[in-house]
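Atom set for the values below is all heavy atoms of this structure, side chains included, hydrogens, waters and symmetry mates excluded. In what follows, chains carry the letters A, B, and so on, assigned in the order in which the sequence lines appear, proteins first and then strands, with residues in each chain numbered from 1.
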2 protein chains.
Amino acid sequence: MSKKQLIMESALELFAKQGFEATSVQQITDHAGISKGAFYLSFKSKDELIIALIDHFMMQFTSDIDWVVKNSNNDTELLYDFYNAAFASFQKHSDFAKIFIKEQSQTPNEELISKMRHYDKLTDKIILSMIDRLYGEEARKVKYDLIYCIKGFIHVYSHLFLFFNLPFDLDSLCRSLAQKTNVLAKHSTIPFITEELFQTFTTEQSYEEVTAEQLIELLGQTIEEIEEPIEKESLTLLKQQLIEPSLSPAIVKGLLENIRNHPHCKWVSYLLRGYFGF
Amino acid sequence: MSKKQLIMESALELFAKQGFEATSVQQITDHAGISKGAFYLSFKSKDELIIALIDHFMMQFTSDIDWVVKNSNNDTELLYDFYNAAFASFQKHSDFAKIFIKEQSQTPNEELISKMRHYDKLTDKIILSMIDRLYGEEARKVKYDLIYCIKGFIHVYSHLFLFFNLPFDLDSLCRSLAQKTNVLAKHSTIPFITEELFQTFTTEQSYEEVTAEQLIELLGQTIEEIEEPIEKESLTLLKQQLIEPSLSPAIVKGLLENIRNHPHCKWVSYLLRGYFGF
DNA sequence: TATACTAATGACTGGTTGGTCATTTGTCAA
DNA sequence: TTGACAAATGACCAACCAGTCATTAGTATA
């Protein structure tokens, strides 16, 4: 494990327990068994660390739920699958999820806030595409409210998960929430969040389209990071495809599938899916 | 205004802007125009201050929504009135609400966490009584889920309120949420939170019944605090009634009504309503 | 073995924190 | 005017903080 990862894992644990502000760099390095100076070889500052953590997790979360929404071919199970992916992600990275819930928009760190907003907007976009697909015109008036209801459900129920150590029936939870969401979509008629209001929340451009050059750069970095041969070759071929397209869509899709579940590839896989139009 | 209140108001503003940990006692006293030493004449520590703030606001919030639920005689408007009271309270004390959302269960301060849990349980109780009244047997299976849905709605929508400075149509919001709640109550059938599960969340005894002695003590304090003659006399008569009952229920109810809206009486009024059974 | 290099250390700095307390200021009654 | 008491002050303290940097340890090449 790289020193950077070691630090991130130690910090994750302590932040989840004590919060970001209340955890000192000294505590993190003690816990990781390294010196304080070594910390600053990996991160320029404590702020850079929390941002790296946010990025690391949110990239996975975003790409996970995006994949579920884009690749489910069974509309009746889509909501269930969506909630399942979201809660599975929270459960798997429960330390991060705790930080995420605690540290929401509360820090004076400008960059962190804008990071959070950014991922929040991506989540909105994914949820919206799911609603559009499931209900289309039927939910035109209330679709923005539905986004917020879904986020509210996830918030309160993930609280139970995270802060009570009880064995939960994830299947039951997801079935329950899928029905609730469906009921709201079918029967609620009074919107609060209008298209116009929703736009004002998301004024700044979100989800900037990435260029091929940026993707090639990112792919180059990722190729260096990982060792598994299949993933490494898939990434290399995809990089080649960006420089000079020669592969058929089926092959590209297959290559994307190869890397989809590798923790270090989730984000680049998400971006590539957007780029290639899958 | 007492020194204690002055400090609390200054702190409220700064905590909302910067968070609790990031605000120093020096900043608070500078902002309040007093010396640092004077702070410690009013509060034993910085922690005691945040707890006083939580108490001050949550007592008002709890008693406000309790009053609405207990005193609405129009079932069709009850949900609307409930949301209205809740959001009005958040809007009126937006600085506090920001702190509340930010500081939720994230501090290492044990007492604060248990305070939060305590008020959370009271809120659950009030919401549950509302659901029971509106839907009774009809929502027996899903009533605990409804509590969490309602809390989820309040959470996400209050976020919009608090962190975007936009003019909101409170009426529209409450109508929208009342309908959503009603739709869920009428059509959702798959519960996640069973009675048993709900009980385990709320194991410790909540809402300890207060004794007449405690109420008399509290009334004595409150009488000292306020100056308005009507409220003062009402409190004095109610205190007398506790020591030696002599007034008719109608008169007692009227006296309670007199003090209901005074900020310093809300909590004692809530407790008295419970005690006298209104 | 000698050299050149990077990785890692932890004492240190300048600054801030929550909290204390000897001292001063203000306010009464005598 | 005096004296007694409470209210208020702010310099001060030990503890801790994020971040630095001269020094050392480890490693690979020649």
Side-chain angles (χ1 to χ4, degrees), chain A residues 1-55 99 102-103 106-113 115 221 224-225, chain B residues 1-55 99 102-103 106-113 115 221 224-225:
Chain A
M1 181 170 14
S2 78
K3 195 128 285 179
K4 213 159 175 165
Q5 279 176 278
L6 176 69
I7 293 169
M8 282 171 76
E9 281 182 24
S10 287
L12 194 59
E13 210 174 301
L14 293 168
F15 288 168
K17 221 184 295 171
Q18 316 170 343
F20 174 68
E21 302 244 31
T23 304
S24 69
V25 173
Q26 189 71 66
Q27 281 177 283
I28 296 165
T29 54
D30 285 354
H31 189 268
I34 59 170
S35 70
K36 199 172 170 184
F39 175 92
Y40 288 93
L41 294 176
S42 296
F43 295 96
K44 276 213 288 288
S45 69
K46 199 182 157 191
D47 278 354
E48 200 184 271
L49 167 62
I50 184 90
I51 285 172
L53 282 171
I54 300 277
D55 263 338
I99 298 171
K102 284 178 179 177
E103 234 66 37
Q106 85 141 323
T107 146
N109 181 333
E110 273 301 328
E111 196 184 345
L112 209 158
I113 292 178
K115 266 271 146 68
Q221 286 170 23
E224 295 303 311
E225 276 174 27
Chain B
M1 176 165 25
S2 78
K3 193 128 288 178
K4 214 160 173 162
Q5 279 177 277
L6 176 69
I7 292 169
M8 283 170 75
E9 282 182 24
S10 287
L12 194 58
E13 211 175 300
L14 293 168
F15 287 168
K17 220 184 296 170
Q18 315 170 344
F20 175 68
E21 303 245 30
T23 303
S24 68
V25 173
Q26 190 71 65
Q27 279 178 283
I28 297 166
T29 54
D30 285 353
H31 190 268
I34 60 170
S35 71
K36 199 171 167 184
F39 175 91
Y40 288 93
L41 295 176
S42 295
F43 295 95
K44 276 213 287 292
S45 68
K46 198 183 158 193
D47 278 354
E48 200 184 271
L49 167 62
I50 184 91
I51 285 172
L53 282 172
I54 300 278
D55 263 336
I99 298 171
K102 284 179 180 178
E103 233 67 34
Q106 85 139 326
T107 146
N109 181 334
E110 274 302 327
E111 196 183 346
L112 209 159
I113 292 179
K115 266 272 146 67
Q221 285 170 24
E224 295 303 311
E225 276 173 28

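Side-chain contact check for B/Val25 versus B/Leu49: every heavy-atom pair is 4.5 Å or farther apart. Considering only heavy atoms from C-beta on, A/Leu41 stays 4.5 Å or farther from A/Lys3 through its side chain. Counting heavy atoms from C-beta outward, A/Asp47 and A/Leu112 have side chains that stay 4.5 Å or more apart.
Distance from the side chain of A/Lys46 is smallest to D/dA18 among C/dT9, D/dA18, C/dT17. When distances run from any side-chain atom of B/Val25 to the nucleotides D/dT9, C/dT9, C/dG18, the shortest one goes to C/dG18. Distances were taken from every side-chain heavy atom of A/Ser35 (C-beta onward) to each of C/dT9, D/dC17, D/dT9; the shortest belongs to C/dT9. The nucleotide whose nearest atom lies closest to any side-chain atom of A/Ala38 is, among D/dA8, C/dG18, C/dT9, C/dT9. Each of D/dT20, D/dC17, C/dT20 was ranked by its minimum atom distance to the side chain of B/Tyr40; first place goes to C/dT20.
The line from CD1 of A/Ile54 to CD1 of A/Ile51 is 8.5 Å long, rounded to the nearest 0.5 Å.
With rounding to whole Å, A/Leu49 atom CG is found 14 Å from D/dG19 atom C1'. At whole-Å resolution of the value, CD in B/Gln26 and C1' in C/dG15 are 14 Å apart. When the P atom of D/dG10 is taken as reference, atom CG of B/Leu41 falls 13 Å away, rounded to whole Å. Here the C1' atom of nucleotide C/dT20 and the CZ atom of B/Phe43 are 18 Å apart, to the nearest Å. Protein atom CZ of B/Phe20 is 13 Å distant from nucleotide atom P of C/dT17, rounded to whole Å. Rounded to an integer number of Å, the gap from A/Leu6 CG to C/dA8 C1' is 14 Å. Protein atom CG of B/Asp30 is 14 Å distant from nucleotide atom C1' of C/dT17, rounded to whole Å. The distance from atom NZ of A/Lys4 to atom P of C/dA8 is 14 Å, rounded to the nearest whole Å.
Nearest heavy-atom pair, A/Phe43 versus A/Lys4, reported as atom, atom and distance to 0.1 Å: CZ-CG, 3.4 Å.
OP1 or OP2 of D/dC17 has at least one side-chain nitrogen or oxygen of A/Ser24 nearer than 4.0 Å. The phosphate of D/dC12 has neither OP1 nor OP2 within less than 4.0 Å of any side-chain N or O from B/Lys36. Contact between the side-chain N/O atoms of B/Lys3 and the OP1/OP2 oxygens of D/dA8 is found at a separation under 4.0 Å.
In this structure, A/Gly37 and A/Thr23 both approach DNA chain D, and ranking their closest nucleotides by distance from the 5' end singles out A/Thr23.
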